[in-house]
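In each ligand, atom 1 is the first atom listed, and ligand 1 is the first ligand listed.
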Amino acid sequence: MIKRTGKIGIFDSGLGGLTILKEVVKLMPCYEYIYLGDNQNTPYGNKSQDKIFNLTLAGVEWLFRNGAEIVVLACNTASANALRKIQREVLPVRYPDKRVLGIIIPTVEEIEKYSKTGHIGILATKATIESRIYEAEMKKQNPHIKIFSQSGGNLANLIELNNKVEMLTEINSVVEELISKNNLIDTVVLGCTHYALIEEEIAQILPKHIHVVSQGELVAKKLKDYLTKHVEINIKLSNLFSLNFNTTSDSKHVQQLMTYFYGEKISISMVKI
Ligand code: DGL
């Protein structure tokens, strides 16, 4: 008989993944969740692919050691730069029964539904943009959709620091650059989970006809579909709801921001990975 003790792990470089966790919990308040934010090493978006891979793998392995059977990389930068290598080279050798999922393919599968013109802007970190993964995956999904990608500059870092003044200046500059790429863009995807934390501020600066899409709800729905299809994983997951928050940073400020952004009083542990 299989013991149903497994958890769902959610990983991000910092605070952004909370926007995914929140929606997943809202849709499926029936599992044990363990969140890890690598706030000590954030931002990942301007690091090399090797560095992003090593940090992401360390986070995933920490989640596995702490009971996760399945881990969602709630981070586009990690999904773009580490997921494939983890799935192909690490899991089959070291963790053949565990799973790691990303959030880019689920997003690409959904975003064309939001656009009438088929011209979609992606706002993401430098490392995600440079990987060209959104363009490549969209080409497979629907080659008629045009993707215009734009780096969000220092935004993820400013969100971690909660520096509102510089944040607004940065939003203005990156949004202007993005929409000047093509005047048919009618949908902008927040392809960095951190940006969902400032979705309102971004939407206010974008022209009103442009639809802003963040990933939380769609990733939650895709995860639910995945668990329904993959009974071999689902059967190992505990069905007693609980939430466990962890960060690699020892700063009180980070812990306060986690509470603030999650929107509930939560208790957070500081961990070494
Ligand atoms: N939250 C991350 C993402 O979705 C990365 C932010 C960063 O660490 O640069 O891309």
Side-chain angles (χ1 to χ4, degrees), residues 9-24 35-60 71-84 86 100-108 111 121-135 137 149-163 166-167 170-171 174 178 188-199 202 212-220 222-223 245-249 251 254 257-258 261-262 273:
I10 307 276
F11 175 78
D12 182 43
S13 64
L15 301 168
L18 294 170
T19 61
I20 302 287
L21 175 68
K22 221 177 153 91
E23 296 300 329
V24 170
Y35 184 84
L36 176 63
D38 187 13
N39 303 75
Q40 181 66 29
N41 294 301
T42 203
Y44 281 13
N46 46 22
K47 293 185 171 34
S48 69
Q49 190 167 25
D50 271 0
K51 189 99 196 145
I52 296 167
F53 170 77
N54 289 332
L55 291 170
T56 304
L57 180 59
V60 166
V71 171
V72 177
L73 301 182
C75 173
N76 292 266
T77 309
S79 300
N81 292 281
L83 176 66
R84 194 161 295 176
I86 292 177
V100 179
L101 307 178
I103 57 173
I104 293 180
I105 294 176
T107 304
V108 168
I111 52 179
I122 308 282
L123 202 54
T125 66
K126 182 168 169 277
T128 302
I129 299 296
E130 285 178 355
S131 75
R132 312 274 311 156
I133 190 166
Y134 271 97
E135 287 83 346
E137 292 302 334
S149 42
Q150 169 65 42
S151 157
N154 200 22
L155 266 186
N157 194 33
L158 294 171
I159 293 165
E160 289 281 333
L161 299 170
N162 205 23
N163 182 335
E166 283 189 38
M167 210 178 333
E170 193 75 336
I171 298 174
V174 298
L178 173 59
V188 168
V189 176
L190 304 182
C192 168
T193 53
H194 278 65
Y195 304 167
L197 295 166
I198 52 162
E199 181 170 349
I202 295 175
V212 183
V213 182
S214 56
Q215 296 167 292
E217 268 180 49
L218 65 92
V219 168
K222 293 280 181 179
L223 180 61
F245 293 85
N246 303 276
T247 171
T248 55
S249 166
S251 144
V254 164
L257 281 180
M258 270 196 160
F261 282 127
Y262 196 71
I273 61 173

Student: Distance under 4.0 Å, heavy atoms only, partner ligand 1: which residues pass?
Tutor: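 Protein residues near ligand 1 are D12, S13, T42, P43, Y44, G45, C75, N76, T77, T125, A156, C192, T193, H194.
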Student: Return the set of residues passing side chain to side chain contact (heavy atoms under 4.5 Å, CB included) with Q150 (not counting sequence neighbours), or none when no residue passes.
Tutor: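 With sequence neighbours excluded, Q150 shows a side chain to side chain contact (heavy atoms under 4.5 Å, CB included) to L123, V174, E177, L178, K181, given in chain and number order.
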Student: Is a side-chain N or O of S149 found less than 3.5 angstrom from the main chain of I129, in a donor-acceptor match?
Tutor: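 Not at all, since once roles are kept as given, no pair shorter than 3.5 Å links the two residues.
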Student: Between the side chains of T128 and S131, is a donor N or O closer than 3.5 angstrom to an acceptor N or O?
Tutor: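 There is no such pair between these side chains.
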Student: Within a 6.0 Å radius of atom CD on E217, are there more than 12 heavy atoms belonging to other residues, nucleotides or ligands?
Tutor: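 No.
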Student: Salt bridge check, K222 against E23: does any charged N sit closer than 4.0 Å to a carboxylate O?
Tutor: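 Answer for the salt bridge query: no.
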Student: Among side-chain atoms of T248 and D38, is any donor-acceptor pair under 3.5 angstrom?
Tutor: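 Judged by distance alone, the side chains do pair up.
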